[in-house]
Amino acid sequence: VQLQASGGGMVQAGDSLRLSCTASGRSFSSGIMGWFRQVPGKEREFVASLDSWTKRTGYGDSVKGRFIISRDNAKTTMYLQMNRLKPEDTAVYYCALRDGRIIASAQDRAGSFDYWGQGTQVTVSS
């Protein structure tokens, strides 16, 4: 399974951006979907997750109320809608996927995911 993230770019504070992630060899009809981000010198940070079985979504504290994780009806693409972007949102964003079920409290851990995309850069200027 290979994940491909896209949609990153350079925007100004307050703008919106939508990231996409597609998978080869698998759909998003089942599994735990996730988005993480990372800046140089820091650990990978949880952004959002979507549990395909329970439909539960989870968000990191810094993005709650601004970002939305979703997938399309065909379940071939997952998205991260990012609104009211801030300079501190600047990072490389990674999509991730886990095959099996896992408790909600573990869905914000990078180690819980089986597959990762290559990352897409998001830069927010003030």
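Predicted model, so just to flag it, every value in this text is computed and none were measured. All residue numbers refer to positions in the sequence shown, counting from 1.
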Tell me whether the count of non-hydrogen atoms from other residues, nucleotides or ligands lying under 6.0 Å of CD in Gln118 goes above 12. yes
Determine the minimum heavy-atom distance between Leu80 and Val47, stating which atoms define it. CD2-CG1, 3.9 Å
To the nearest 0.5 Å, tell me how far Phe36 CZ sits from Arg44 CZ. 8.5 Å
Using every non-hydrogen atom in the two residues, find where Ala23 and Leu3 come nearest and quote the distance to one decimal. CB-CD2, 3.5 Å
If I take atom CZ from residue Phe28 and atom OG1 from residue Thr76, how far apart are they, to the nearest 0.5 angstrom? 8.0 Å
Paired with Ser62, the side-chain hydrogen bond (donor to acceptor under 3.5 Å, both in side chains) test is passed by just one of Glu45, Lys86, Glu88, namely Glu45
Any side-chain to backbone donor/acceptor pair from Ser49 onto Thr57? Under 3.5 Å, distance only. no
Trp35 side chain to Tyr79 backbone, donor-acceptor under 3.5 Å: yes
Walk me through whether Arg37 and Tyr94 qualify under side chain to side chain contact (heavy atoms under 4.5 Å, CB included). CA-CA 6 Å; Arg37 66 188 183 187; Tyr94 298 89; 6.0 Å; no
Kindly list each side-chain donor-acceptor pair under 3.5 angstrom involving residues 119-126, sequence neighbours excluded, with atom names and distances?
unit_1: Thr120; atom_1: OG1; unit_2: Gly8; atom_2: N; d: 3.1
unit_1: Gln121; atom_1: NE2; unit_2: Ala91; atom_2: O; d: 3.4
unit_1: Gln121; atom_1: NE2; unit_2: Thr123; atom_2: OG1; d: 3.3
unit_1: Ser125; atom_1: OG; unit_2: Val11; atom_2: O; d: 3.3

Lys55 side chain to Ser52 backbone, donor-acceptor under 3.5 Å: yes
Begin from the C-alpha positions of Gln4 and Cys21 and carry the test side chain to side chain contact (heavy atoms under 4.5 Å, CB included) through to its verdict. CA-CA 5 Å; Gln4 179 77 36; Cys21 180; over 6 Å; no
Parallel, tilted or perpendicular for Tyr93 and Phe67, by the 30°/60° rule? tilted
Out of curiosity, Ser20 OG to Arg71 CZ, how far, rounded to the nearest 0.5 Å? 15.5 Å
Would you confirm whether the ring centroid of Tyr59 sits within less than 6.0 angstrom of the ring centroid of Phe46? no
May I ask whether Val1 and Met33 are part of the same hydrophobic cluster, defined by side-chain heavy atoms of I, L, V, M, F, W, Y residues being less than 4.5 angstrom apart, directly or through others? yes
Hey, is Asp15 close enough to Arg84 for a salt bridge, meaning N to O under 4.0 Å? no
How far apart are the C-alpha atoms of Leu19 and Met78, what are their side-chain angles, what is the distance that settles it, and do they pass the side chain to side chain contact (heavy atoms under 4.5 Å, CB included) test? CA-CA 8 Å; Leu19 305 183; Met78 58 184 275; over 6 Å; no
Looking only at heavy atoms, the pair that brings Lys75 and Ser29 closest together is CD-CA, 3.4 Å
Taking atom CZ of Arg66 and atom CG of Asn83, what is their separation to the nearest 0.5 Å? 9.0 Å
Would you list the atom pairs, donor with acceptor, under 3.5 Å between side chains in residues 102-111 and any protein atom, with sequence neighbours excluded?
unit_1: Gln107; atom_1: OE1; unit_2: Arg56; atom_2: NH1; d: 3.4
unit_1: Gln107; atom_1: NE2; unit_2: Asp51; atom_2: OD2; d: 3.0
unit_1: Gln107; atom_1: NE2; unit_2: Ile102; atom_2: O; d: 3.1

Gap between atom OG of Ser70 and atom CG of Leu50 - 0.5 Å precision: 8.0 Å
Calculate, to the nearest 0.5 Å, the distance between atoms CZ and OG belonging to Arg98 and Ser112 respectively. 6.0 Å
Where Asp99 and Trp53 come nearest, the two heavy atoms and their spacing: O-CH2, 3.2 Å
